Amino acid sequence: MAALGQTVVGYMDPVFVNMMEELKTLLRYAFQTGNALTFPLSGPGSVGMETCFVNLVEPGDKVVVCRNGVFGGRMIENVQRSGGTAIVVEEEWGHAIDPQKLEDTLKAHPDARLVAFVHAETSTGAQSDAAALCAVARQHGCLTIVDTVTSLGGTPVLVDAWGADAVYSGSQKCLSCTPGLSPVTFSAAAIERVKARRTKVQSWFMDLTLVLDYWGATQRTYHHTAPGNSLYGLHEALRLLAEEGLENTWARHRRHHAALKAGLEALGLSFVVAEAARLPQMNAVRVPEGVDDLTVRRTLLQEHAVEIGAGLGPLAGKVWRFGLMGWSCREDNVMAALAALEQVLPQVGHGVEAGAAVAAAHRAYAAEHLRAAA
Ligand SMILES: *Cc1c(COP(=O)(O)O)cnc(C)c1O
């Protein structure tokens with residue numbers, strides 16, 4: 001917040017331009033990439049998604065989209081609005097995308113040019129194997145678009161190791177910044193694909209070849225006025241991420257997830273996603289039979305200042321989503337949420353033993369502490 005409140009300077013001011021360069025370097029670290037074209041787009045994660053599609057999809061292109069939740073559905077919309085044809089690999093909500101299904105689909109559609117998937121499905125808390133999916137795409141000559149909005153800064157995002165081509169994220173999830181910016185990174189192959197287009201990108205604002213004159217060139221020219229103060233905020237958020245170190249950040253997310261999980265299970269709540277594909281930063285559990293979803297969420301927020309996410313799409317009213325993202329991924333939040341649930345659930349007819357969830361979380365932390373000390 002202090003970074004956001006710094007003096008406003010011009011978008012061409014040498015001090016500002018220096019900060020832009022630092023931002024690119026810090027983002028390369030966060031994404032684990034050497035990609036030259038790595039920068040934050042002026043817009044939320046959805047702008048990152050749309051930028052990848054409008055630049056990489058040309059009218060008539062076949063694009064394989066993997067869908068296992070809400071955000072994969074949005075990718076299909078993006079392909080169609082870009083004039084492409086979406087071939088959909090359907091996966092059950094709450095499951096990781098099966099690389100074999102992608103392989104089979106690509107064999108059936110040898111003319112596909114792109115593969116798109118969501119690494120961390122925020123609607124369910126399922127994580128797909130990005131390395132495996134990118135490898136299958138590559139074997140079939142396809143470039144990849146990967147959504148890492150919920151994974152970046154929470155769970156390993158290894159752009160170069162995966163060989164992903166166009167990757168986007170958001171500032172407000174595990175990066176703990178204010179909303180409104182979308183970090184993106186593009187491989188050399190992705191840039192080549194954009195430069196070889198037969199048609200102009202239909203969005204003027206998102207056309208990468210134009211944005212590059214501002215973010216990419218050494219001799220910068222005006223494209224749009226950068227949201228300076230938001231960028232100060234992202235710079236600080238990324239600086240904090242680098243200070244903690246990615247490995248430590250990932251371990252912190254796993255540690256607090258383990259405690260939250262122990263507490264939620266002690267309350268009789270069951271996870272939507274099987275353990276192997278479960279994201280630590282997005283914990284979706286089923287609303288118990290007979291319990292009113294909205295009453296619980298409203299009471300948690302109004303009386304305990306704990307906000308949890310509702311179910312989306314077909315999961316509306318059926319699941320609760322507990323985010324443990326970035327700065328919010330801390331012991332006091334885990335304990336506050338569990339203590340509040342212990343009070344609220346009995347009021348709506350779901351009897352629980354007082355103290356059970358908090359005690360289970362304490363035991364999980366203690367076990368974690370012993371493991372770390374060993
Ligand atoms: C939040 C989210 C988005 C969209 O980001 P906005 O900043 O809300 O536009 C896209 N994909 C996933 C997986 C998300 O969780």
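Counting starts at 1 for both ligands and their atoms, following the listed order. Remember, it's a predicted structure, so these values are computed and weren't measured experimentally. Computed over heavy atoms, backbone and side chain alike; hydrogens, waters and symmetry mates excluded.
Of the listed options L181, D147, V118, D147 places a heavy atom closest to atom 12 (C) of ligand 1.
Residue H119 places every heavy atom at 4.0 Å or more from ligand 1. Ligand 1 is approached by Q172 to a heavy-atom distance shorter than 4.0 Å. In this structure, A120 counts as a contact residue of ligand 1, since one of its heavy atoms falls inside 4.0 Å of the ligand.
Only the side chain of K173 comes within contact range of ligand 1, with a heavy atom under 4.0 Å; no backbone atom does.
Under 3.5 Å, the side chains of N18 and E22 contain no donor-acceptor pair of N or O atoms. S187 and N35 are not linked by any side-chain donor-acceptor pair at a separation below 3.5 angstrom, with hydrogens and angles left out of the test.
Less than 4.0 angstrom separates some heavy atom of P44 from each of these atoms of ligand 1: 6 (P), 7 (O), 9 (O). Of all atoms in ligand 1, listed by their number and element, those nearer than 4.0 Å to a heavy atom of T122 are 12 (C), 13 (C), 14 (C), 15 (O). Taking every non-hydrogen atom of G45 and a distance limit under 4.0 Å, the qualifying atoms of ligand 1 come out as 5 (O), 6 (P), 7 (O), 9 (O). Near S46, with a cut-off below 4.0 Å to any heavy atom, the atoms of ligand 1 are 4 (C), 5 (O), 6 (P), 9 (O).
Between E21 and K24 a salt bridge is recorded (basic side-chain N to carboxylate O distance below 4.0 Å). A salt bridge links R239 with E236: the closest approach of a Lys/Arg side-chain nitrogen to an acidic carboxylate oxygen falls below 4.0 angstrom.
A cation-pi arrangement is present between K173 and F71 under the rule of less than 6.0 angstrom and at most 45 degrees off the ring axis. A cation-pi arrangement is found for R330 relative to W327, the charged atom lying closer than 6.0 Å to the ring centre and inside a 45° cone about the ring normal.
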Subject >> Criterion ring pair (Phe, Tyr, Trp, His ring centres under 6.0 Å) on H223 and W204, from CA distance to verdict >> reply: CA-CA 10 Å; H223 175 261; W204 177 86; 4.6 Å; yes
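Here the CD atom belonging to E58 is positioned 10.5 Å from the OG atom belonging to S82, to the nearest 0.5 angstrom.
Counting only heavy atoms of the protein, atom 3 (C) of ligand 1 lies nearest to F71 CE2, 3.5 Å.
Between T150 and ligand 1, an N or O atom pair is found at a separation short of 3.5 Å.
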